[in-house]
Peer 1: 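Below is the structure I would like to discuss, written out as structure tokens.
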Amino acid sequence: MAFKSKRRRTEGARKERSLISHYSPKSPTTEQYRTIRTNIEFSQVDKTVRTLVVTSASPGEGKSTTTNNLAVVMAQQGKQVLLIDADLRKPTTHYTFRLANQQGLSTVLTRQSTLEDTIRKTEIDNLFVMSSGPVPPNPAELLTSTAMKKMIEQAKEVFDVIIFDSPPVLAVTDAQILSSYSDGTVLVVASGSTETESAKLARDLLLKSQAKLLGVVLNRKSKKDKNGYYYYYGNS
């Protein structure tokens with residue numbers, strides 16, 4: 001029994017770390033997420049960013065944590081936010097929000113369920129989540145389907161912002177596909193981990209797919225740096 005209690009405490013601590021903008025709204029890290037949110041809002045002068053893709057160059061650079069916390073701080077503004085786990089290969093959003101994953105994006109795109117069936121309200125006001133659903137054999141084909149575009153248009157009738165957690169750019173083509181018909185894309189790179197050439201290649205691939213690259217989030221910068229933990233840059 002003690003083992004189970006310890007496990008629950010560990011899972012709870014992990015969730016709090018991954019959703020720091022909800023559990024620690026006054027922390028310096030949360031404030032940096034708000035800064036990223038503000039920069040996204042002002043990145044398009046003539047158009048509101050309603051569909052946003054968050055991706056990374058390679059796995060393990062913190063793009064899912066960044067996606068989750070961006071969704072939280074946008075919901076904290078009073079916007080109706082839908083977070084979609086569009087990583088149909090190695091999904092994680094359902095773990096973070098402790099949701100079942102029998103239905104989700106993959107079942108909507110294969111017409112096994114509807115948008116209404118799969119959207120889940122979270123404990124955070126104004127934040128809703130669609131998990132990935134079962135991992136399909138053909139993720140790229142599903143993301144390029146007419147059903148995907150129709151689903152996005154349907155979701156935009158209900159939600160102010162739709163955020164996609166996308167697979168890494170250099171691993172598969174999924175991020176390029178999603179970025180090609182989204183209002184904006186944010187690339188996450190990890191300080192001391194992401195190689196410069198990898199970041200440049202990811203940027204180039206996104207631009208070739210006609211992505212509207214809003215900027216780059218530099219993640220895991222040393223806390224000793226007086227300028228903060230997260231940074232946001234323009235199109236550079």
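Values reported hereafter were calculated over all heavy atoms of this structure, with side chains retained and with hydrogens, waters and symmetry mates removed. Numbers for residues simply follow the sequence, beginning at 1.
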Peer 1: To check you understand the geometry: which heavy-atom pair defines the closest contact between S209 and L206, and what is its length?
Peer 2: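 For S209 versus L206, the nearest heavy atoms are OG-O, 2.7 Å.
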Peer 1: Shortest non-hydrogen contact from D87 to K63?
Peer 2: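 In terms of heavy atoms, the two residues are closest at OD2-NZ, 3.3 Å.
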Peer 1: Scan side-chain atoms only and decide if Q103 and D117 contain a donor-acceptor pair under the 3.5 Å cut-off.
Peer 2: no
Peer 1: Heavy atoms only: give me the nearest T173-A140 pair and the separation to one decimal.
Peer 2: OG1-CB, 4.1 Å
Peer 1: Could you tell me which non-hydrogen atom of I152 sits nearest to which non-hydrogen atom of I162, and how far apart they are?
Peer 2: O-CD1, 3.9 Å
Peer 1: If the threshold is 4.0 Å, N to carboxylate O, is there a salt bridge linking E41 and K79?
Peer 2: yes
Peer 1: Taking the side chain as every heavy atom from C-beta outward, state whether V135 and L88 have any pair of such atoms under 4.5 Å apart.
Peer 2: no
Peer 1: Answer whether the closest heavy-atom distance between the side chains of L170 and L205 falls below 4.5 Å.
Peer 2: yes
Peer 1: Please round to the nearest 0.5 Å and tell me the distance separating atom OG1 of T118 and atom CD1 of I84.
Peer 2: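 Reported to 0.5 Å precision, the distance equals 8.0 Å.
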Peer 1: Should the heavy atoms of other residues, nucleotides or ligands under 6.0 Å from NZ of K121 be counted, would the total exceed 12?
Peer 2: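 Atom NZ in K121 is packed in, count exceeds 12.
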Peer 1: Quick one: do I20 and N69 satisfy side-chain contact (heavy atoms from CB on, under 4.5 Å)? Show the steps, please.
Peer 2: CA-CA 7 Å; I20 189 172; N69 283 281; 3.6 Å; yes
Peer 1: Can you measure from CZ (R37) to CD (Q76) and round to the nearest 0.5 angstrom?
Peer 2: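 If I round to the nearest 0.5 Å, the distance is 7.0 Å.
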Peer 1: Counting C-beta onward and ignoring hydrogens, is there a side-chain heavy-atom pair between V81 and I163 closer than 4.5 Å?
Peer 2: yes
Peer 1: Around K200, counting heavy atoms of other residues, nucleotides and ligands shown, do more than 12 lie under 6.0 Å from its NZ?
Peer 2: no
Peer 1: For A86 and P167, which heavy atoms make the closest approach, and how far apart are they?
Peer 2: O-CD, 3.6 Å
Peer 1: Less than 4.5 Å apart, any side-chain heavy atom of L213 and any of L187?
Peer 2: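 In contact.
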Peer 1: Against L19, only a single residue in T96, T30, T65 fulfils side-chain contact (heavy atoms from CB on, under 4.5 Å); can you say which?
Peer 2: T96
Peer 1: A side-chain contact here means heavy atoms from C-beta on lying under 4.5 Å apart; do V108 and M148 qualify?
Peer 2: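 Sidechains of M148 and V108: no contact.
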Peer 1: Apply the test side-chain hydrogen bond (donor to acceptor under 3.5 Å, both in side chains) to residues D174 and S166: give CA-CA distance (whole Å), side-chain angles for both, the deciding distance (0.1 Å), then the verdict.
Peer 2: CA-CA 7 Å; D174 301 15; S166 166; over 6 Å; no
Peer 1: In terms of side-chain geometry, is the basic nitrogen of D183 or K47 positioned less than 4.0 Å from the acidic oxygen of its partner?
Peer 2: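 Salt bridge between D183 and K47, a charged N being under 4.0 Å from a carboxylate O: yes.
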Peer 1: Would you say V189 and S56 make side-chain contact, with heavy atoms under 4.5 Å?
Peer 2: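 With C-beta onward as the side chain, the pair stays apart.
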Peer 1: Would the distance check show the side chain of D85 and the main-chain N or O of S131 forming a donor-acceptor pair, the cut-off being under 3.5 Å?
Peer 2: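 Checking the backbone N and O of S131 against the side chain of D85, no donor-acceptor pair under 3.5 Å is found.
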Peer 1: Using side-chain contact (heavy atoms from CB on, under 4.5 Å), reason through V129 and I119 one step at a time and then give a plain yes or no.
Peer 2: CA-CA 6 Å; V129 170; I119 292 174; over 6 Å; no
Peer 1: Between S113 and T107, does a side-chain hydrogen bond (donor to acceptor under 3.5 Å, both in side chains) hold up when you go through it step by step?
Peer 2: CA-CA 6 Å; S113 61; T107 59; 2.7 Å; yes
Peer 1: Checking the side chain of T38 only, and the main-chain atoms of R34 only, is there a donor and an acceptor separated by less than 3.5 Å?
Peer 2: yes
Peer 1: Check the pair K150, E153 against salt bridge (Lys or Arg N to Asp or Glu O under 4.0 Å), reporting the backbone distance first and the verdict last.
Peer 2: CA-CA 5 Å; K150 287 183 177 179; E153 292 306 313; over 6 Å; no
Peer 1: Side chains of S132 and N101: is there a donor and an acceptor less than 3.5 Å apart?
Peer 2: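 The criterion, which ignores hydrogens and geometry beyond distance, is satisfied for N101 and S132.
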Peer 1: Any chain of hydrophobic side-chain contacts (each under 4.5 Å) joining M74 to V186?
Peer 2: yes
Peer 1: Ignoring hydrogens and geometry, is there a side-chain-to-backbone donor-acceptor pair from S182 to S179 under 3.5 Å?
Peer 2: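 Not a single qualifying donor-acceptor pair exists.
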Peer 1: Nearest 0.5 angstrom please: T144 OG1 to K149 NZ, how far?
Peer 2: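 NZ of K149 is found 7.5 Å from OG1 of T144.
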Peer 1: Ignoring hydrogens, what is the shortest heavy-atom contact between V49 and S43? Give both atom names and the distance.
Peer 2: CG2-OG, 4.2 Å
Peer 1: Please confirm whether the backbone N or O of R50 pairs with a side-chain atom of T48, one donor and one acceptor, at under 3.5 Å?
Peer 2: no
Peer 1: Which value, rounded to the nearest 0.5 Å, describes the distance between M130 atom CE and L105 atom CG?
Peer 2: 6.0 Å
Peer 1: To the nearest 0.5 Å, how far apart are CD in E123 and CZ in F97?
Peer 2: 8.5 Å
Peer 1: To the closest 0.5 Å, what do you measure between OG1 (T66) and CD1 (I36)?
Peer 2: 6.5 Å
